[in-house]
Amino acid sequence: MTDLRELAPITVELFVPDVDASARFYTENLGFELLRLEREGERATFAVVALGRALMLIAHDGLAASVGLSKGSGEGLSVRVIVDDVDAVYARARERGLTIVADIGDRYYGLRDFSLQDGDGFHMRFASPRR
């Protein structure tokens, strides 16, 4: 049965060389929940991970052509994930030694956020409304 969160009207799909490693990066390091994992033999080909109301699709690079991409690439892409407590996500990322590319802070656009680079080179920004 499909988790209703998978039917979000807009979702980011990351194409990566190792779906298992990427899913572990988000679940173990940042507290995402693994909603779905598909395998083709021993290799994971697709995963859905969620953090609160935010979710991401993680697909194997080999599937990029099926959606019209020549290859997966995070260059020039920044994914923003709104969370309830950005300070908690930031603390968890720091504890695990993740690559922080923009330190946490209150921004002029009304958010408190920070950015990190995931294991596949994607730029991820986590944010909460400023209080």
Side-chain angles (χ1 to χ4, degrees):
M1 181 171 175
T2 299
D3 186 307
L4 291 179
R5 291 176 286 186
E6 292 186 41
L7 301 177
I10 186 167
T11 305
V12 172
E13 186 168 21
L14 307 177
F15 289 90
V16 302
D18 187 337
V19 173
D20 280 317
S22 293
R24 275 193 314 276
F25 178 89
Y26 287 99
T27 58
E28 293 174 8
N29 292 314
L30 296 165
F32 279 71
E33 175 187 358
L34 182 64
L35 299 182
R36 190 164 105 200
L37 182 65
E38 295 178 8
R39 294 189 170 283
E40 196 172 281
E42 291 295 310
R43 182 182 81 176
T45 56
F46 184 76
V48 179
V49 296
L51 183 63
R53 296 176 311 202
L55 72 121
M56 289 189 305
L57 311 178
I58 302 171
H60 189 268
D61 276 343
L63 300 175
S66 69
V67 295
L69 295 175
S70 58
K71 69 175 212 167
S73 172
E75 191 172 329
L77 172 72
S78 177
V79 176
R80 184 181 76 186
V81 180
I82 298 293
V83 296
D84 291 331
D85 186 354
V86 72
D87 290 290
V89 177
Y90 178 76
R92 186 177 178 131
R94 297 282 301 191
E95 286 171 7
R96 286 166 172 74
L98 303 185
T99 304
I100 307 294
V101 295
D103 209 15
I104 196 161
D106 293 334
R107 310 295 184 218
Y108 70 91
Y109 42 81
L111 296 176
R112 179 169 177 76
D113 64 16
F114 77 96
S115 298
L116 61 82
Q117 188 172 21
D118 78 2
D120 294 297
F122 288 101
H123 183 266
M124 307 299 293
R125 184 164 44 120
F126 293 87
S128 293
R130 284 185 5 202
R131 293 186 165 105

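Everything quoted here is computed from the prediction, not taken from an experiment.
Note: Leu57 CG to Leu14 CG = 8.0 Å, rounded to the nearest 0.5 Å. Here the straight-line distance linking atom CE of Met56 with atom CE of Met124 works out to 4.0 Å at 0.5 Å rounding. We find the CD1-CZ distance between Ile104 and Arg94 to be 10.0 Å, quoted to the nearest 0.5 Å. Taken to the nearest 0.5 Å, the CG atom of Asp61 stands 8.5 Å off from the CZ atom of Phe15.
For the pair Leu30 and Phe25, the minimum side-chain heavy-atom distance is below 4.5 Å. Between Leu51 and Phe126 the shortest side-chain heavy-atom distance falls below 4.5 Å.
Glu28 approaches Arg96 most closely through the heavy-atom pair O-NE, 2.8 Å. In this structure, Asp113 and Ala127 approach most closely via the heavy-atom pair CB-CB, 3.5 Å. Of all non-hydrogen atoms in Ser78 and His123, the two that sit nearest each other are OG-ND1, 2.8 Å.
Linking Ile, Leu, Val, Met, Phe, Trp and Tyr whenever their side-chain heavy atoms come within less than 4.5 Å puts Ile58 and Leu37 in one cluster. Taken together through direct or relayed side-chain contacts under 4.5 Å among Ile, Leu, Val, Met, Phe, Trp and Tyr, Val81 and Leu111 form parts of separate hydrophobic clusters.
If you check the side chains of Thr45 and His60, you find no donor sitting under 3.5 Å from an acceptor.
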